[in-house]
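Step one of this worksheet: look at the structure below.
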Amino acid sequence: MHQTTSFAQPPITPRNRILSALPDEDYARLAPRLEYVEMPLGEILYRPTEIIRHVYFPFTGTISLTSVMADGAETEVGIVGREGALGLPLLLGDESVPLKAVVQVAGTGARIRSEVFKEEINRCGHLQRLLLKYAQAFFVQTAQTAACNRLHTLDRRLACWLLTARDRAQTNALPLTHEFISVMLGVRRAGVTEALGAFHRGGLIDRARGRVSIIDPAGLGAVSCECYAMVRDEYNRVLGGQARPTEPAPFQPASLGA
Amino acid sequence: MSAQQDHSPSHNRLLARLPAAELEALRPHFERVSLHQGEHAIVPDEPIRHVYFPVSCLLSLVTQMEDGSSAESGSIGREGMSGVPVLLDAWQTPMPTFTQIPGDALRIRSDVFKAAYDKGGALRNLLNRYIHTVIVVGSHATACNALHKVEERMCKWLLMSSDGVGSHELRLTHEYLATMMGVRRASVTETAIRLKTAGLIEYERGFARILDRAGLEDAACECYRRTKAEYERLFAS
């Protein structure tokens, strides 16, 4: 279950990039209606075709959107972290989505009830504009991943995926099992284990049970297909330069080699 | 590309769903154009000048990689429009959209259409629902490309393209199909022979004809049914 606290007075500056880009006036209106939530690993936030009750703005951690086939096969189609929000269907006038949303890296965030969110969106103000831009970046990410899934080898896709997860979660230490990664990439677990072994021998990552730590992001960048940089740049282009001056650490998809 | 004056918007399902009054106001701004194969509706990283509503052509969102390989990330037929980035306030995109199957489309200047969208109302609501459909369908394609075999994907592709242009006959070479599906041409040829032997399609000299639609649907992955259901949900809303 979620542990929730209302933030009548926001306990911390929202570290979500969409929320922090709102002008003070808009944020002040929204703040009392935001709930602080913890997002434990594996928690399912949306189930396919179920009515959506909340929109989520992650502060830390990541949420994975997956497509589930009739035979149970599942693959990730997008990741949401502090650069965005989970709830595009409501923004675009739908009540549900035939995708699953599950917490991939445990974290915290804020959520808002669907009715309240729709009320805010209907004002056609900054929140709506920011989220429409975010929808564009998400759309490009999905399209690029569709081609990437077809064309690129497992090791290149895995490197791309690890770097993207690192940017979204803002941490080098990713608590991920091989099983989980294999579902996300839509490949067999043995393939993931083999590729991670090669990354480890190459000094790119460290592994422990249920954890992958990125040691050499630049090296991983060299292995990754171009899709990592392409999608990162698109997020930056579309959403760039919107952080409020008060925001302590504007979202920087951690520069490689840093 | 050639342009002519007269046209009926009803041949594009999305346009046909726009509220009558709003469509009437836009009508003088539409022109009907014939697009030849390979012609761009969106050139990567250049301003998007027009929004296209296919009538009998099929547009394709193709992701091109640095090594020259490419694969289709989505297609647009008479159920949709090109130019989603314009509505989302991005006037350009790194993703090209070009004509995969030649034919006609209605087009309108991006700024004129965006202004109508920005007015809000029923037109904006419908287009927002369309954008959501495109994102969901694109998400399915992402998973499908990772999980499903060439043969079932090719069946899906033929069915979706047929729906998109509103015809059982599709003009496309094996080479072109291979590019779209992100596989080697030899796989397309082998798969086409299998589908032909099973009596599902005819495929000669760059022309594919669907003979047994129900059979093709059985041979396609579930993604065809899922994608179609998403569009039907949109048009029923």
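Lettering of chains follows the sequences in order, A, B, ..., and the numbering in each one begins at 1.
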task: To the nearest 0.5 Å, tell me how far Leu151(A) CG sits from Met181(B) CE.
output: 11.5 Å
message: For Met65(B), which atoms come within 4.5 Å of any heavy atom of chain A: side chain, backbone, both, or neither?
response: both
statement: In terms of heavy-atom contacts, Asn149(A) and Ala146(B) come closest through ND2-CB, 3.6 Å
- prompt: Do the side chain of Glu234(A) and the main chain of Pro94(B) share a donor and acceptor less than 3.5 angstrom apart?
  reply: no
query: Given a strict heavy-atom distance threshold of 4.5 Å, which part of Phe138(A) is in contact with chain B: side chain, backbone, both, or neither?
result: side chain
- prompt: With distance as the sole test, does Asp89(B) use its side chain to make a donor-acceptor pair with the main-chain N or O of Lys133(A) at under 3.5 Å?
  reply: no
field: Met230(A) vs Glu66(B), side chain to side chain contact (heavy atoms under 4.5 Å, CB included): CA-CA, chis, key distance, verdict
entry: CA-CA 11 Å; Met230(A) 193 278 184; Glu66(B) 282 160 4; over 6 Å; no
message: When you compare the side chain of Met95(B) with that of Gln144(A), does any pair of heavy atoms fall below 4.5 Å?
response: yes
- line: Honestly, the part of Leu131(A) sitting under 4.5 Å from a heavy atom of chain B is neither
- prompt: Are any of the side-chain heavy atoms of His140(B) and Pro98(A) separated by less than 4.5 Å?
  reply: yes
- prompt: For Cys124(A), is it the side chain, the backbone, both, or neither that has a heavy atom closer than 4.5 Å to a heavy atom of chain B?
  reply: neither
message: Quick one, Met69(A) and Cys221(B) - any side-chain contact, counting heavy atoms below 4.5 Å?
response: no
- line: Okay, Gln64(B) and chain A: the region with an atom under 4.5 Å from a heavy atom over there is backbone
task: With a 4.5 Å cut-off on heavy-atom pairs, point out which of Glu226(A), Gln136(A), Glu74(A), Arg237(A) contacts chain B the most.
output: Glu226(A)
message: What I'd like to find out is whether the side chain of Val136(B) reaches to under 4.5 Å of the side chain of Asp94(A), using heavy atoms alone.
response: no
Please table the atom pairs, donor to acceptor, closer than 3.5 Å between any side-chain atom in residues 74-81 of chain B and protein atoms at least two apart or in another chain.
residue  : atom : partner   : partner atom : Å
Arg78(B) : NE   : Asp163(B) : O            : 3.3
Glu79(B) : OE1  : Gly77(B)  : N            : 3.3
Glu79(B) : OE2  : Gly77(B)  : N            : 2.9

task: Spell out, as yes or no, whether a donor-acceptor pair under 3.5 Å connects the side chain of Thr142(B) to the backbone of Thr142(A).
output: yes
- prompt: Of the backbone (N, CA, C, O) and the side chain (C-beta and beyond), which part of Leu147(B) lies under 4.5 Å from a heavy atom of chain A, both, or neither?
  reply: side chain
- request: For each of Gln128(A), Arg157(A), Glu76(A), tally heavy-atom pairs with chain B at distances under 4.5 Å, and name the one with the top tally.
  value: Gln128(A)
message: Is Leu185(A) in contact with chain B via its backbone, its side chain, both, or neither, using a 4.5 Å heavy-atom distance?
response: backbone
message: Using heavy-atom distances under 4.5 Å, tell me whether Thr133(B) contacts chain A through its side chain, its backbone, both, or neither.
response: neither
query: Checking side chain to side chain contact (heavy atoms under 4.5 Å, CB included) against Val140(A), which of Leu61(B), Thr63(B), Thr93(B) comes through?
result: Thr93(B)
statement: If one checks every heavy atom of Val183(B) against chain A at 4.5 Å, the contacting part turns out to be side chain
field: Heavy-atom pairs under 4.5 Å with chain A, option from Ala141(B), Ser139(B), Ala229(B), Gly182(B) with the top count
entry: Ser139(B)
